[in-house]
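Written out below as structure tokens is the structure these notes cover.
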Number of protein chains: 2
Amino acid sequence: MKKKASLKDIASKVGVSTALVSYVLNGQEQEKRVGGEMVKKIRDAAVALHYTPNRIARSLRTKKTNTIGFVVADIDYRFSSGVMKAIEEGCLKYSWTVIYGSSGENPKKFAELLKVLVERQVDGLIIVPVEHCNKQIEELTKQRFPFVLIDRILPGIDANMITVKNEQVAHMCTGHLLGKRFRRIAYISYQSSLLNLADRKKGYLSAVRELGPPDPRLIKELPNLNRDEEVKVAIDELLALSPACDSIFFATDTLAVSGLRHLNALGIKVPEQLGILSFDESDAFELYRCPITHGRQPLDHIARLALDTLQRAIDGMPGRANHMLDMTFIEGKSCREK
Amino acid sequence: MKKKASLKDIASKVGVSTALVSYVLNGQEQEKRVGGEMVKKIRDAAVALHYTPNRIARSLRTKKTNTIGFVVADIDYRFSSGVMKAIEEGCLKYSWTVIYGSSGENPKKFAELLKVLVERQVDGLIIVPVEHCNKQIEELTKQRFPFVLIDRILPGIDANMITVKNEQVAHMCTGHLLGKRFRRIAYISYQSSLLNLADRKKGYLSAVRELGPPDPRLIKELPNLNRDEEVKVAIDELLALSPACDSIFFATDTLAVSGLRHLNALGIKVPEQLGILSFDESDAFELYRCPITHGRQPLDHIARLALDTLQRAIDGMPGRANHMLDMTFIEGKSCREK
DNA sequence: GTGAAAGCGCTAACAA
DNA sequence: TTGTTAGCGCTTTCAC
């Protein structure tokens with residue numbers, strides 16, 4: 001690669017000091033009252049030499065990189081790419097660049113990622129926490145590093161958090177199925193210590209309890225080592241119950257997609273034979289034979305709030321944000337009245 | 001945020017020079033034959049002070065950031081997230097961090113993105129070019145900046161390029177439909193100056209020509225300002241032809257998904273009433289009523305080759321890579337024999 | 001074995 | 001109005 005021109009190169013070409021060049025190229029020529037022809041000469045030299053500022057050097061000096069880190073749980077999740085897109089757009093406003101990384105739900109990778117981002121001096125972090133990452137998060141808090149947690153809440157942690165009303169929405173979803181006269185509503189989720197899934201389960205249970213004690217056999221919490229296979233087995237078991245389940249509430253979009261694929265293979269008709277509801281949205285739903293009823297997270301709103309909160313944190317503003325956002329309910333045709 | 005400890009802090013705590021600390025913390029204690037107890041003292045101090053290296057400072061000094069930039073056309077494309085995931089994984093091997101950015105198919109945003117990445121001193125770039133970006137790419141070549149183009153080929157540009165055999169695969173796909181006795185094969189694509197789409201069209205045309213002159217009314221190239229609407233209109237027109245089209249070959253996954261959604265709405269049965277083939281894969285296909293026959297790009301291979309090529313370029317190796325990769329053909333049930 | 005010191009490219013306080 | 005200079009945190013050469 002060709003050597004890049006530096007401020008010094010311009011300075012010596014024009015015969016002035018680097019300081020002057022710095023002023024001009026940073027638009028401080030008014031403030032510093034640099035002479036008009038000087039400004040022009042410097043500008044011309046910069047162009048002639050193909051000058052590109054070195055932000056690394058600037059960052060070292062100013063102790064600001066104007067870069068934020070964004071740690072997602074898995075790039076394959078619709079949530080991840082959706083929020084990423086929204087964050088990228090929102091960053092224009094702050095002139096931030098974002099370095100993104102995926103932990104793959106792996107605490108070790110998660111810790112490594114945080115380390116690298118901090119070493120690269122990002123000004124702040126937006127984080128989707130994973131299981132068993134409390135130590136890392138606590139360390140950030142202790143170092144007063146600016147960051148905000150999204151999507152998942154860590155209990156007992158002092159941090160900015162933005163999430164949705166998991167329990168309330170799950171309760172409402174289940175209530176919707178009950179309203180459509182489904183009475184054997186299965187719940188398929190993951191085994192997880194993460195609070196958002198625990199909350200969704202709570203919402204499901206509290207809704208079901210309004211009509212009687214929940215049947216534990218209708219609740220499937222999968223280890224998620226081999227999702228497709230586990231969902232397949234779970235659904236087969238649910239359908240073999242007597243009385244069988246008459247509907248399924250999927251706690252995530254990934255589970256719903258796996259489930260629908262299996263139902264397709266079984267030739268089971270939705271909603272005629274089985275009601276289906278998914279907590280989260282998936283793009284794959286749109287090609288399913290009937291529109292799937294599901295919740296929708298306000299991804300743009302989450303991103304905006306996250307950036308806004310992060311900005312405050314970076315500016316050293318005191319206080320913690322703690323937002324629980326509403327979701328949209330998209331009524332399809334997958335829970336038709338029985 | 002708390003002030004971070006620096007090498008100097010450790011040095012003065014232990015009472016040695018920063019050089020020594022640097023040696024130890026970079027694992028050069030053997031090579032520099034640093035005393036054993038000294039090593040321990042320095043290590044302990046680093047832990048005690050919560051030392052984190054400042055990569056910005058190191059980068060300024062070494063002129064290497066160990067960061068690469070990855071510019072995609074749109075994060076919503078399956079290709080983008082798929083390659084991104086593969087690149088991220090592949091980067092472990094090189095200890096690279098990747099800064100990703102999306103141009104949104106917008107040349108202005110594209111140029112801006114390149115500028116920012118270069119200013120941030122990325123060691124190299126992996127780029128999915130967009131329309132009208134030739135000037136920027138040529139500038140990179142002129143500056144001998146290390147980069148590699150993927151997915152799309154820019155004609156007449158001196159650069160490393162990795163893509164798939166668009167023409168050959170499109171020819172083969174069309175041939176597959178012909179082999180299933182489809183004779184009125186429509187082709188839906190985008191209006192674009194990009195060579196990969198031109199090549200797909202060439203492949204389609206050359207296959208069709210083997211059985212006679214192509215009917216231009218069967219070819220729809222959409223402006224892609226409002227995809228769903230344009231696809232809807234195009235399909236309606238194709239079905240209204242006499243004789244109507246008996247199958248559709250979609251040049252991209254996004255078009256295929258739009259198209260299938262409309263076919264769903266029309267109640268048209270695939271493959272009974274219409275054969276469907278998509279050049280690219282979409283996750284949404286898996287929930288469609290019948291498995292869609294489609295091509296699959298070797299995303300992992302593309303990523304590996306891209307990283308490998310970039311590494312060479314960064315190391316200043318001469319020569320240009322120019323790979324045209326094969327694709328996998330996934331036979332579903334959407335082109336059943338008529 | 002260890003340390004002094006230069007310097008990466010830039011900004012900003014201070015001088016003139 | 002323009003220039004000098006210190007120094008951000010680190011690596012690395014050279015000297016002791």
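Proteins come first, then strands; the chains are lettered A, B, ... in the order of their sequence lines, and each starts at number 1.
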Separation of D:dT11 atom P from B:Leu25 atom CG, nearest Å, is 9 Å

Reckon A:Tyr23 has a side-chain N or O less than 4.0 Å from the OP1 or OP2 of C:dC10?
no

Is it true that B:Lys40 and B:Asp44 make a salt bridge, defined as a side-chain N closer than 4.0 Å to a carboxylate O?
yes

Find the distance A:Leu49:CG to C:dG9:P and express it as a whole number of Å.
14 Å

Between B:Arg58 and D:dT11, is there a side-chain N or O to OP1/OP2 distance below 4.0 Å?
yes

Grab the NZ-P distance between A:Lys41 and D:dT1 for me, whole Å please.
16 Å

Check this for me: B:Lys4, atom NZ, are more than 12 non-hydrogen atoms of other residues, nucleotides or ligands nearer than 6.0 Å?
yes

Please pick, from C:dG9, C:dA4, D:dG9, the nucleotide with the shortest atom-to-atom distance to any side-chain atom of B:Ser6.
D:dG9

For B:Gly15, report the nucleic acid contact type (base, sugar-phosphate, nothing); a contact means any heavy atom under 4.0 Å.
sugar-phosphate

Let me know, please, whether A:Lys3 or B:Val16 comes out on the 5' side of the other along DNA chain C by nearest nucleotide.
B:Val16

What's the CD-C1' distance between B:Glu31 and C:dG1, to the nearest Å?
14 Å

Round to the nearest Å and state the distance from A:Ile10 atom CD1 to D:dG3 atom C1'.
17 Å

Between P on C:dG9 and CZ on A:Arg61, what's the gap in Å once rounded to a whole number?
16 Å

Take the C1' atoms of the five end pairs on each side of the helix from C:dG1-D:dC16 to C:dA16-D:dT1, derive the two axes, and give their angle rounded to 10 degrees.
50°

